[in-house]
Protein chains: 2
Amino acid sequence: MATHVVNNAQKLTPVDKTFCDLPPAVADALEQEALTTSYPTGAVLFAEGQAPRGVFIVRRGRVKLSICGSDGRTLILRIVDAGCPLGVAAVVSGRQYEATAETQEPSEITFLRQSDLLRLMRLHGELALWVTQHISQDYASTCREIRDLILSDSASEKLARLLVGWLDQNTKSKYPSQVKLALTHEEIGQMIGSSRETVSRLLAGFKKQHLIQQTGSTLVIPDRVALESLITA
Amino acid sequence: MATHVVNNAQKLTPVDKTFCDLPPAVADALEQEALTTSYPTGAVLFAEGQAPRGVFIVRRGRVKLSICGSDGRTLILRIVDAGCPLGVAAVVSGRQYEATAETQEPSEITFLRQSDLLRLMRLHGELALWVTQHISQDYASTCREIRDLILSDSASEKLARLLVGWLDQNTKSKYPSQVKLALTHEEIGQMIGSSRETVSRLLAGFKKQHLIQQTGSTLVIPDRVALESLITA
DNA sequence: ACCGATTGGTGATGGGGATCACACATCGGT
DNA sequence: ACCGATGTGTGATCCCCATCACCAATCGGT
């Protein structure tokens, strides 16, 4: 694991992002009922198939959302950053959690019980709307995931798409063509539905074609367009 | 197409299912604003990528929900029966429709404009909740789809799972081990992410193993357990 | 009853990637 | 500085299934 860049960037407030884009009144109401806890790396917030207990809101850190098949193989749905709620759909619908949530670094996470969330949703229309928006967003991103993973389907295309996607999250950073590689090859494989070895080989190939350069855990993508040209292929 | 079983079962009311599980007051309000139309087979209600105009509620008939990849291949997300709303997530989030909706048989469909839905949601808390529930449901089913399609991944396993799924929708029918085959092999392929030929071969194989019998467009699955045993494999 | 169009069956072939098997690198702790 | 654990590089092999190529069967309309 090349991770553990333990955040030293934010020490202004105890918790940097307040409750996301929620109006202060609602945020306060949430804060009243909620419980914020620190978790170490590898903590499982909830597991696929469990009955919903409540929602978890990532305040600091990163959480891996994954599902696993009958044969034991794992697919990572997405990596969730601070500001995002987890398990909302399950809590609202009362069905079991659709995926497993596991911290990828030491994280601070706010928990809100199912009953409290539902009550507050009834009280605050904005909260209900916020919840609904987030679920739709998750739905949309899952649909994209399906399309990308099933209709591709060369592994190199999927990997290229993943890398380009990472670039897109970095547009505001100082070096927008750099990406911190916070995942093992195995995990990358679990994101694109292929094996560790294939990822290794593909990355090597990309380097040989000068599509990427790697120094330590930093990836540089000099020519984004070249990488994108693999995708339509 | 072996379809066109044009429903002769329900002629009691002009539209059988009223607005699903909605309380009458809300249903009436919807009916006020909504517009119900008859569509022929093959009509496209909305297409992946379009800006959301409103939601479509299937009152009678069946609608195919699909996405398509850059290479033109198609994946059918699910077949939607009467009583279900379509395009809700897109309308609520304001993002583009995530999939394409196309009628599979002559259908009656109620359309409700985006602005009207949002206004009514604000007025009727139950409606907002209903919407949210449906989106969560779609989200859950999409997650299942991902798991089944990516983590399987022998094609026979996927097909077996599909067949068993069809059985589950029939539990209340007179012959719970029979399934009306309303899809072409090509479409089945698009549901499990494989080719027409593979589906043909697999079905032939299943017949040879006496896992299924087919007469006309009726499938009989004599031993559900045997079929399920393919899934864990 | 005809004929074009859509659907279904089945062989042959090839390729992409999973899997197995090792060796090397790197990390983290005591 | 050592050593086990974890992650990475790369060859060899093999098998599933997409694809191509045809033909048979069935449907649907006039």
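Using a 4.0 Å cut-off, some side-chain N or O of A:Ser200 falls inside it from OP1 or OP2 of D:dG9. At the phosphate of C:dT6, neither OP1 nor OP2 sits under 4.0 Å from any side-chain N or O atom of B:His185. The side chain of A:Thr198 places no N or O atom within less than 4.0 Å of a non-bridging phosphate oxygen (OP1 or OP2) of C:dG17. Under 4.0 angstrom from either OP1 or OP2 of D:dC17 there lies no side-chain N or O belonging to B:Ser195.
Scanning atom types as modelled, no donor and acceptor separated by under 3.5 angstrom connect the side chain of A:Arg201 and the base of C:dG16. In this model, no side-chain donor or acceptor of B:Arg196 finds a partner on the base of C:dT6 within 3.5 Å. Taking only distance into account, the side chain of A:Glu197 meets the base of C:dC20 through a donor-acceptor pair shorter than 3.5 Å.
Put simply, CG on B:Asp71 is 13 Å from P on D:dA18, counting in whole angstrom units. Taking atom CD1 on B:Ile188 and atom P on C:dG8, their separation rounds to 8 Å, with Å as the unit. Atom P of nucleotide D:dC17 and atom CG of B:Leu149 are separated by 13 Å, given to the nearest angstrom. The interatomic distance linking A:Leu203 (CG) with D:dG7 (P) rounds to 16 Å, in whole Å. Following rounding to the nearest Å, A:Gln214 (CD) and D:dG9 (P) show an atom-to-atom distance of 7 Å. Between A:Glu186 atom CD and C:dA18 atom C1' there is a gap of 13 Å when expressed in whole angstrom units.
Looking at heavy-atom distances under 4.0 Å, B:Gly193 makes contact with sugar-phosphate atoms alone, never a base.
In this structure, the side chains of B:Ile67 and B:Thr74 stay at 4.5 Å or more apart for every pair of heavy atoms.
Judged by distance alone, with hydrogens and angles left aside, the side-chain atoms of B:Ser107 form a donor-acceptor pair with the main-chain N or O of B:Glu105 at under 3.5 Å.
Relative orientation of the B:Phe46 and B:Tyr97 rings is parallel, given thresholds of 30° and 60° on the angle between their planes.
A salt bridge is defined here as a Lys NZ or Arg NE, NH1 or NH2 lying under 4.0 Å from an Asp or Glu carboxylate O, and B:Arg59 with B:Glu31 meets this definition. Residues B:Glu187 and B:Lys64 are paired through a salt bridge, judged by an N-O separation under 4.0 Å between the basic side chain and the carboxylate.
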